*Asks:* 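Provided herewith is a single structure, encoded as structure tokens, for subsequent inquiry.
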Amino acid sequence: MNIPAIEGGTPVRDKKIYYGHQYLDQADYDAVLNVLKSDYLTCGPKIPELEEKLCKITGAKYAVVCSNGTAALHIAAMAAGLGEGDELITTPITFAASANCALYVGARPVFADINDETYNIDPDSVEAHITEKTKAVVAVDYTGQAVELDRLRKICEKHGLVLIEDGAHSIGTLYNGKHIGSIADMTTFSFHPVKTITSGEGGAVLTNSEEYYKKLILARAHGITRDTSLLEYESHGPWYYEQVDIGYNYRLTDIQAGLLISQLDKLEMFKSRRKQIVEMYNNAFADMETLTVQKEIPESDTARHLYILRLNTKKLSIDRKKFFEALAAENVMCNVHYIPVYYFPYYQKLGYKKGLCPKAEKLYDEIISLPLYYGMTDEDVVSVIDAVKKIADYYAV
Ligand SMILES: *Cc1c(COP(=O)(O)O)cnc(C)c1O
């Protein structure tokens, strides 16, 4: 990709910058080493320690950590009782897993459109898509900004739906002063390296419901239990356990849990730096006619995971693809989040047609995810701003 942004120009940056990067320090390395030297690499004491810490930070009653954010969504869908013939409403502007979790359990994902200013799922569109088959909503805190939880909760209560919040982007975010994880029926997190905190791979489901908690614990580990209150047959002896349901091996290791416990100590530091970077970007772009800044709702105090640059294509003589390539020529390596889920061949073959969610489709045509991560220096941020402005100004019409 060596298309110079501007004929004959030199790049704003001489070294490539990427859209996301993890941040680990000595405390993280020590935490991992301590687990490696301990008796338990998995199923050990770091798992309840991490779960208690997640509960303490978020205010949720229960946390179930698991192997990744996708597994978290899968066991949440199982705990919600979703199955054959049921429908789950979600947004197309998300990672495929938010919708795939319905397919895993034999249910059908239904796509509601977005609010074209916040880019989050539109509660009115959710309500318009409810049928007798609807059982759950997976609402994604896109970019880390909380969805309209008050309205979504009301809608779900009114129609008897389970509200699952996909918080893969939003650990650390507050909604009306309450932590994400303590509000929806179940909230899932991902700890992939591009997310705010990481264990390489990792996930969690948070809930205030004991009923969901018990189901999540079973689904995470083979549907097997030693809990005497759950056993169906008479015990054979002290070694006895039963498989009482279908489940998976979705366990997190103690190595990963040790790392996450240490990463959680840096959550507030990560959040405030991410907010600073977002503010620098917003200040630079808010008054430009060629660009649109994502609207922030006052209820959300956002630990921002992604910064979305939206092009006002009417005011530019190039499209998103050319803009993206021009940024790469400036050594600003971006990404696009997300291709609407139902555009994928797998979904097209299931019968989903383009045109389902016009606002989401228009958003997809106009967005680029700029670099945003804790380790960016102010100079990095300024160089990204300079590159964006250089291209936008040059191609402004
Ligand atoms: C990353 C992500 C997931 C999946 O998490 P993994 O840990 O990668 O399995 C799900 N939903 C959203 C919105 C994500 O960004």
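What you are looking at is a predicted structure, and each value in this text was computed from that prediction instead of being measured. We count ligands from 1, going down the list as the structure has it; atoms in each ligand are counted the same way.
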*Asks:* Sequence neighbours left out, what pairs pass side chain to side chain donor-acceptor pair (under 3.5 Å) with at least one residue falling in residues 57-72?
*Replies:* none
*Asks:* Does anything in residues 349-359 form a side chain to side chain donor-acceptor pair (under 3.5 Å)? List the pairs, not counting sequence neighbours.
*Replies:* none
*Asks:* Side chains of His222 and Asn249, heavy atoms from C-beta outward: is any pair under 4.5 Å?
*Replies:* yes
*Asks:* Tell me which donor-acceptor pairs under 3.5 Å the side chains of residues 49-57 have, and how far apart each pair is, sequence neighbours excluded?
*Replies:*
| unit_1 | atom_1 | unit_2 | atom_2 | d |
| --- | --- | --- | --- | --- |
| Glu49 | OE1 | Lys46 | NZ | 3.2 |
| Glu51 | OE2 | Val65 | N | 2.9 |
| Glu51 | OE2 | Arg220 | NH1 | 2.9 |
| Lys53 | NZ | Ile261 | O | 3.2 |
| Lys53 | NZ | Asp265 | OD1 | 2.6 |

*Asks:* Within the protein, flag every N or O under 3.5 Å from an N or O of ligand 1, and note the pair and distance.
*Replies:*
| unit_1 | atom_1 | unit_2 | atom_2 | d |
| --- | --- | --- | --- | --- |
| ligand 1 | 5 (O) | Ser190 | OG | 3.2 |
| ligand 1 | 7 (O) | Gly69 | N | 2.7 |
| ligand 1 | 7 (O) | Ser190 | OG | 2.7 |
| ligand 1 | 9 (O) | Gly69 | N | 3.3 |
| ligand 1 | 9 (O) | Thr70 | N | 2.9 |
| ligand 1 | 9 (O) | Thr70 | OG1 | 2.5 |
| ligand 1 | 11 (N) | Asp166 | OD1 | 3.4 |
| ligand 1 | 11 (N) | Asp166 | OD2 | 2.8 |
| ligand 1 | 15 (O) | His169 | NE2 | 2.8 |
| ligand 1 | 15 (O) | Lys195 | NZ | 3.0 |
| ligand 1 | 15 (O) | Tyr338 | OH | 3.1 |

*Asks:* Are Arg310 and Tyr119 side-chain neighbours, meaning at least one heavy-atom pair lies under 4.5 Å?
*Replies:* yes
*Asks:* Looking only at side chains, do Gln263 and Asp28 share a donor and an acceptor under 3.5 Å apart?
*Replies:* yes
